[in-house]
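Bear in mind the structure is a predicted one, so any value in this text is a computation, not a measurement. Throughout, a chain's letter reflects where its sequence line sits, starting with A, and its residues are numbered from 1.
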Amino acid sequence: MGVIAIVFSWQNEDNAASQLSSDRESLMTMEALLKGLNEKQREAVTSPLGNALILAGAGSGKTRVLVSRIAWLIEKEQLSPHGILAVTFTNKAAGEMRERLSRLLPHPVMGLWVGTFHGLCHRLLRRHFKDANLPEQFHILDSDDQGRLIKRVIAALNLDSDQWPVKQAQSFINGRKDEGLRPQHINALHYGPTKTLVSIYSAYEQACQTAGVIDFAELLLRTHELLRDNPEILAHYQQRFQAILVDEFQDTNTIQYAWIRLLAGDHAAVMAVGDDDQSIYGWRGAKVENIQQFSRDFRGALVYRLEQNYRSTSTILTAANALITNNNSRMGKDLWTSGAEGEKIMVYSAFNELDEARFVTERIMMEINQGGSADEIAILYRSNAQSRVLEEALLRQGIAYRIYGGMRFFDRAEVKDTLAYLRLLVNPSDDTAFERVVNFPTRGIGEKTLEDLRSYAKAETCSLWAAAKHQLDSGEMAQRAGTALARFIQLIEMLQVKTVAMELDEQLSEVMHSSGLHAHFSKIKGDKSESRLDNLQELINAAKQFRYDQDAEDELPLVSAFLAHASLEAGDMQAEEHERYVHLMTLHAAKGLEFPLVFLVGMEEGVFPGKQSMEEPGRLEEERRLCYVGMTRAMRKLIISYAEVRRLYGREEYHRPSRFVRELPAGLIDEVRVKARYQSPTTITRTKIPSDAETSNGIPLGQTVVHAKFGQGVVLAVEGNGAHTRVQVKFKEQGVKWLVLAYANLILEGEQFL
DNA sequence: GCGACATTGTTTTTT
DNA sequence: ACAATGTCGC
């Protein structure tokens with residue numbers, strides 16, 4: 001049915017588009033648009049209708065080019081918006097593109113597809129659910145749901161959960177799916193762990209199929225198979241999409257690449273935009289090589305390089321360039337700017353993480369006192385755990401901050417519980433939803449009862465819901481358990497009837513109350529219960545909002561659309577407040593953003609680059625790219641810091657400054673000296689910081705020393721002076737380590753306390 | 001079915 | 001250090 005509707009609307013929109021391109025006003029817009037671009041950007045935007053690869057450096061106006069290109073295709077190449085597909089990775093990027101497009105084009109564009117890989121695949125699967133072998137109301141599992149299901153599958157296979165951790169199985173399954181592999185494609189002739197993992201994969205697929213659910217990776221894989229195995233459908237979309245644009249191409253994985261190739265066929269003009277230097281998602285399957293592969297697979301692909309940067313000072317850019325040239329596998333690209341030189345990059349060497357946090361907050365205070373705004377400032381770190389100390393310091397100083405990332409709205413347990421009820425109303429076969437709420441809030445349905453249901457469902461290859469109904473009908477259930485289960489079934493069936501004519505938000509409210517969820521969260525004491533109830537209210541608000549925002553474009557039932565929205569766009573909910581915050585986030589989360597002032601903290605060997613990344617060259621290069629991404633976020637000023645001692649996993653660890661700091665040209669760096677009169681924090685009591693005078697002569701090399709933990713060792717090198725002094729010691733047992741003299745409490749031969 | 005203890009691992013994260 | 005699981009006893 002979808003196909004016919006599409007053909008109709010295509011013709012309508014074609015007419016609309018030809019009227020549009022003869023419009024004088026829009027031609028004017030086009031000229032104005034091109035005038036605002038630099039030469040390289042203009043070349044890319046006006047590239048002939050064919051394949052093109054755009055290597056767009058950080059801050060080179062990538063999104064602008066992409067958006068302008070779409071406008072160009074519509075205005076000058078006279079493509080129908082209906083024939084254009086633009087793909088991104090995140091909802092945020094898709095939203096931004098849509099928004100900028102609507103500002104650029106004089107008329108609202110109908111039929112243009114802009115979305116994430118997952119969002120677009122979802123749309124295709126909804127339209128062609130029968131050919132994709134899915135139930136009409138299939139639900140998308142998020143990784144949490146997926147984990148729960150895999151856990152159950154492992155248990156059902158009678159495998160030892162210690163030997164087969166859920167996480168491992170999950171990443172195995174997702175990894176294979178990202179490669180486009182089904183269980184039968186995986187070579188498991190030999191015995192061993194792979195064979196078991198494949199059987200878990202297989203059983204998991206089966207479980208998903210009976211429950212009518214699919215995971216994120218499956219969205220892509222299933223869509224690829226849908227197109228590959230249904231020539232008419234493929235032909236339809238190949239004919240439809242004359243131009244395909246892909247953002248962040250360096251982040252595409254195998255299946256996404258295959259998906260684009262398939263959809264593009266021989267005719268579509270594919271424009272891939274990416275930056276190999278900003279590839280930071282290799283660990284989750286992204287293949288940078290796809291960029292190199294592009295020119296081979298897509299005929300006559302023209303390559304454009306956008307190297308003029310409009311974001312950062314030349315100091316920051318030169319430093320970032322110097323850093324990234326240490327990577328070997330690069331396509332090569334040098335960012336430049338016609339802008340000002342700017343301030344030098346400040347590098348601060350802190351004693352420990354507390355001192356580092358203190359320094360950062362101090363600089364932020366200075367910045368704000370000089371008229372800067374907090375929201376122009378970002379603190380970037382390698383891992384989330386590093387935010388704690390920074391938070392505490394900011395809190396102490398009363399600086400408003402906001403942490404990005406972490407738990408998102410639709411990921412919250414109480415929200416997911418409520419949605420699980422909703423899912424069950426829509427599709428009682430959804431075993432993941434069933435398992436989640438059948439006994440939550442507790443209603444006397446125990447493990448024993450569930451075990452019976454599971455084994456029946458397994459034997460009959462049916463859903464838990466069907467198993468429950470059957471067990472009840474057959475009267476084989478124990479009195480007590482039977483009543484409890486029957487009450488649950490009745491509850492769901494009652495809700496199905498009662499909510500059928502309700503608005504979405506009313507449905508949710510009804511579900512929350514009838515299920516006892518609301519009462520349950522009201523009962524719990526503590527400060528958490530209030531925020532949980534708030535979240536439930538917020539969910540109702542979100543549903544109400546959703547009702548208004550939803551266009552009738554996709555004729556998906558509103559409930560299903562809302563559930564898909566909850567899975568696919570977990571909702572950052574971060575733009576709501578308008579206060580001015582300092583932004584705290586991981587380097588990964590910072591990609592695509594920019595800030596006038598950027599702090600890069602924790603620049604230590606073992607932290608960044610991380611311990612695990614230091615052995616393998618490939619991973620080290622990815623860490624370096626991550627550093628490059630971080631540096632190029634800064635517009636006006638970049639401040640780097642590292643701590644000589646850091647509390648990590650409960651231990652005090654001594655780290656050397658990150659190699660990335662040393663890879664920056666010395667001339668661009670302004671190294672800030674430590675104040676010798678630093679007051680030691682109360683938590684570290686044993687610390688004795690020597691004055692300059694005390695240690696100015698340093699320790700003789702070769703001196704034998706004793707360390708409380710590491711034992712006896714020999715001094716190999718001494719670096720720095722004053723409170724700053726570090727010594728390199730070769731210990732008998734523990735090997736070679738760098739220690740900060742002020743913290744190490746070394747005892748020299750002769751019992752002299754340093 | 002819940003609370004008290006033990007065990008465990010601990011980059012990065014979207015969809 | 002610490003949080004987030006899992007196990008055990010009532």
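In this pair, A/Trp113 and A/Tyr237 present their aromatic rings tilted. The plane angle is within the 30 to 60° band.
The phosphate of B/dC2 has OP1 or OP2 within less than 4.0 Å of a side-chain N or O from A/Thr442. For the OP1/OP2 pair of B/dT14 and a distance below 4.0 Å, the side-chain nitrogens and oxygens of A/Thr116 include no atom meeting the criterion. A sub-4.0 Å separation between OP1 or OP2 of B/dT11 and a side-chain N or O of A/Asn384 is absent. In this model, the phosphate group of B/dG1 is not approached by any side-chain N or O of A/Arg443 to a distance below 4.0 Å at OP1 or OP2. Between A/Asn174 and the phosphate of B/dT14, there is no side-chain N or O to OP1/OP2 separation shorter than 4.0 Å. Contact annotation: A/Arg388 reaches the phosphate of C/dA3 (side-chain N/O to OP1 or OP2, under 4.0 Å). The side chain of A/Tyr404 contributes no N or O atom lying less than 4.0 Å from OP1 or OP2 of B/dT14.
Taking only side-chain atoms of A/Ser383, from C-beta outward, the nucleotide of B/dT12, B/dT14, B/dT15 with the closest atom is B/dT12. Residue A/Arg284 has its side chain nearest to B/dT14 when only B/dT14, B/dT12, B/dT11 are considered. Among the nucleotides B/dT15, C/dG6, B/dT10, the one closest to any side-chain atom of A/Lys151 is C/dG6.
Within the 6.0 Å centre-distance limit, the rings of A/Phe488 and A/Phe434 are counted as a close aromatic pair.
Remark: the backbone N or O of A/Phe138 is paired with a side-chain donor or acceptor of A/Arg126 at under 3.5 angstrom.
Across the P atoms, B/dT13 and C/dA4 are found 16 Å apart, a figure rounded to whole Å. Annotation: C/dA3 and B/dT14 have their P atoms spaced 22 Å apart (nearest Å).
When heavy atoms are screened at a 4.0 angstrom cut-off, A/Ser567 is found touching no nucleic acid atom at all. Looking at heavy-atom distances under 4.0 Å, A/Tyr649 makes contact with a base. Residue A/Asn91 is classed as a sugar-phosphate contact, given heavy-atom separations below 4.0 Å to backbone atoms only.
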From CA spacing to verdict: side chain to side chain donor-acceptor pair (under 3.5 Å), A/Glu248, A/Gln250: CA-CA 5 Å; A/Glu248 305 280 15; A/Gln250 76 284 351; 2.7 Å; yes
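Lacking a ring centre under 5.5 Å from that of the base six-membered ring together with a plane angle below 30°, A/Tyr281 does not count as stacked on B/dT12.
Look at A/Glu179 and A/Arg176 and you find no salt bridge, because none of the NZ, NE, NH1 or NH2 atoms lies under 4.0 Å from a carboxylate O.
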